[in-house]
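Every chain is numbered from 1, with letters handed out A, B, ... down the list of sequences. Since the model is a prediction, treat every value here as computed from it, not as a measurement.
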2 protein chains.
Amino acid sequence: MDVKDLCLGALSFGDATGYDIKKFFENTFSHFFLAGYGSIYPALASLTAAGLVSCRTLAQHGKPDRKLYRLTAAGRRAFLDTLRDTTPRHRLKSEFLVLLYFAHLLAPARLQAIVDQQLRNFDGNLKHIRQYEDCCAAAQPLSPGAHFVCGYGKAVMTAASEYIRAHRHSLLPPTGRGAAPRKLIQARRQPVHTASRN
Amino acid sequence: MDVKDLCLGALSFGDATGYDIKKFFENTFSHFFLAGYGSIYPALASLTAAGLVSCRTLAQHGKPDRKLYRLTAAGRRAFLDTLRDTTPRHRLKSEFLVLLYFAHLLAPARLQAIVDQQLRNFDGNLKHIRQYEDCCAAAQPLSPGAHFVCGYGKAVMTAASEYIRAHRHSLLPPTGRGAAPRKLIQARRQPVHTASRN
DNA sequence: GAAGTCATGTAAAATGTTACATGATTCA
DNA sequence: TGAATCATGTAACATTTTACATGACTTC
């Protein structure tokens, strides 16, 4: 399932331009699927060539023409096929966790900054989801799928935040006012024969 | 942060072959970073060319020669620089959630299968993390980073599982013994003008 | 006056996945 | 006898990211 398929999905809710589709992705999928213009515009071009979407060009003054895309019957069928056949993968790619795994090689201040930044990100994402829910719910009730997915995002990010807040101390060397005078902990050089056998 | 950097990280725990490194990734990073041979072997070749790792070839009978890689001083420095400079991103890419977002276009049986499969995956991953913790802890206490990252994985996947178990019914049309005789719910055709403006 | 929004795209570079190719040994 | 483990790699393909290029209008 790639950006092309997601574009079909976005268009299943109505006609849109590439720009609109990016907005839609940001509002709706931001916490589990992202795409930039550099993949959306080529995807739309390729879908048009394949006859899965059609395109009406609307002239504008000053700005580039708006290109309004619409699902064709073939496109709708293709999307349903994708939904039927796609293997539901679920992959996390986290430099954040990699860095924390190597906490013993990081300066304490760096570690602090990384953790704080991630907590802010989660807070921002949570806020974003809540806004999306409120703003959509004002217009019409969210579809069950949208509702489920928002709830999932909130549940997971809340759990992640709580875990981080509860356990961040275990990564940091004991420091600060009231504690014992700051003792720099040396990054232990690991012995060079853990993973090898023979 | 790419596979090359992760290879340096793996080698920071000791010399290893490409094969060992893949094992290491699977044991250690599997829930937030994966790489296959097709990216590991080229990465090691390129690191060797760049002088960040050195390579000893050990002949074997029948099998291809083992190539034992070791971090060079430059490699160790490069890895520390990466740890210092990498922006800690954290991205989920989930076809699972995309499919659920479009629950209204999925056959009920398909929806069931998707959800069940994902729950099994989470259970499997949780088991995998627990085994890793137990097996490592038997040898030596886990590093704080490793411990934190395992705990994070468990916390998040547990929350995800619980959320799914608690809310999956909201995706499925009411069905089954005891309930009202199965009433097929038609996938509502969405009107075609939600996302467009103008 | 600066920043943000609307609006399109291309091209190069980086990255990663998949399939292929080989083959002995060990375990059930 | 078949599957799994050990062990390497290449080549083609797919995909994504990043930077570039343009430019008017609106809001602070």
Spacing of CZ belonging to Phe148(A) relative to CD1 belonging to Ile164(B), to within rounding of 0.5 Å: 5.0 Å
Whole angstrom value for the distance that separates P of dA7(D) from CG of Leu44(B): 14 Å
Are Thr17(B) and dT8(D) close enough that a side-chain N or O sits under 4.0 Å from OP1 or OP2? yes
Respond yes when some side-chain nitrogen or oxygen of Lys67(A) is under 4.0 Å from OP1 or OP2 of dG9(C), and no when none is. yes
Arg89(A) atom CZ is separated from dT17(C) atom C1', nearest whole Å, by 9 Å
Pairs flagged by side-chain hydrogen bond (donor to acceptor under 3.5 Å, both in side chains) wherever residues 27-53 of chain A is involved - sequence neighbours left out: none
Pairing residues for Asp81(A) by the salt bridge (charged side-chain N to carboxylate O under 4.0 Å, His left out) criterion, not counting sequence neighbours: Arg84(A)
For Tyr19(B) and dT25(C), give me the distance from atom OH to atom P, rounded to whole Å. 16 Å
List every contact pair, protein side and nucleotides 19-26 of chain D side both N or O, where the distance is under 3.5 Å.
none

What is the separation between atom CZ on Phe25(A) and atom P on dT16(D), rounded to the nearest whole Å? 11 Å
Is the shortest side-chain N to carboxylate O distance from Arg165(B) to Asp123(B) below 4.0 Å? yes
How long is the line joining CE of Met1(B) and P of dT17(D), in whole Å? 17 Å
Between the side chain of Asp2(A) and the main-chain N/O of Asp5(A), is any donor-acceptor distance below 3.5 Å? yes
Phe102(A) and Phe79(B) aromatic centres sub-6.0 Å: yes
Any chance you could lay out the side chain to side chain contact (heavy atoms under 4.5 Å, CB included) test for Arg66(A) and Arg56(A), step after step, and finish with the verdict? CA-CA 8 Å; Arg66(A) 283 184 95 223; Arg56(A) 258 187 315 154; over 6 Å; no
May I ask you to check whether Phe32(A) and Tyr152(A) place their ring centres under 6.0 Å from each other? no
Could you go over nucleotides 13-15 of chain D and give all protein N or O partners under 3.5 Å, atom names and distances?
none

Please check: side-chain N/O of Arg89(B) versus main-chain N/O of Met1(B), any donor-acceptor pairing under 3.5 Å? no
Please check the phosphate of dA7(D) (OP1 and OP2 only) for any side-chain N or O of Gln60(B) closer than 4.0 Å. yes
Lys22(A) NZ to dG4(C) P, straight-line distance once rounded to whole Å: 14 Å
So for the helix from dG1(C)-dC28(D) to dA28(C)-dT1(D), with five pairs setting each end axis, what is the inter-axis angle to 10°? 60°
What does Phe33(B) touch in the nucleic acid at a heavy-atom separation under 4.0 angstrom: a base, only the sugar-phosphate, or nothing? nothing
Got more than 12 heavy atoms from elsewhere within 6.0 Å of NZ, Lys4(B)? no
Nearest-angstrom distance from the residue atom CD1 of Ile40(A) to P of dA7(C): 14 Å
Quick one: side-chain hydrogen bond (donor to acceptor under 3.5 Å, both in side chains) partners of Tyr132(A), sequence neighbours excluded? Tyr101(B)
Tell me which of Arg91(B) and Pro42(B) sits closer to the 5' end of DNA chain D, going by the nucleotide each one is nearest to. Pro42(B)
Phosphate OP1/OP2 of dT5(D) contacted by Lys23(B) side-chain N/O (<4.0 Å): no
Does Val149(B) reach the side chain of Val98(A), with side-chain heavy atoms less than 4.5 Å apart? no
Length of the OH-C1' vector between Tyr37(A) and dA12(C), whole Å: 21 Å
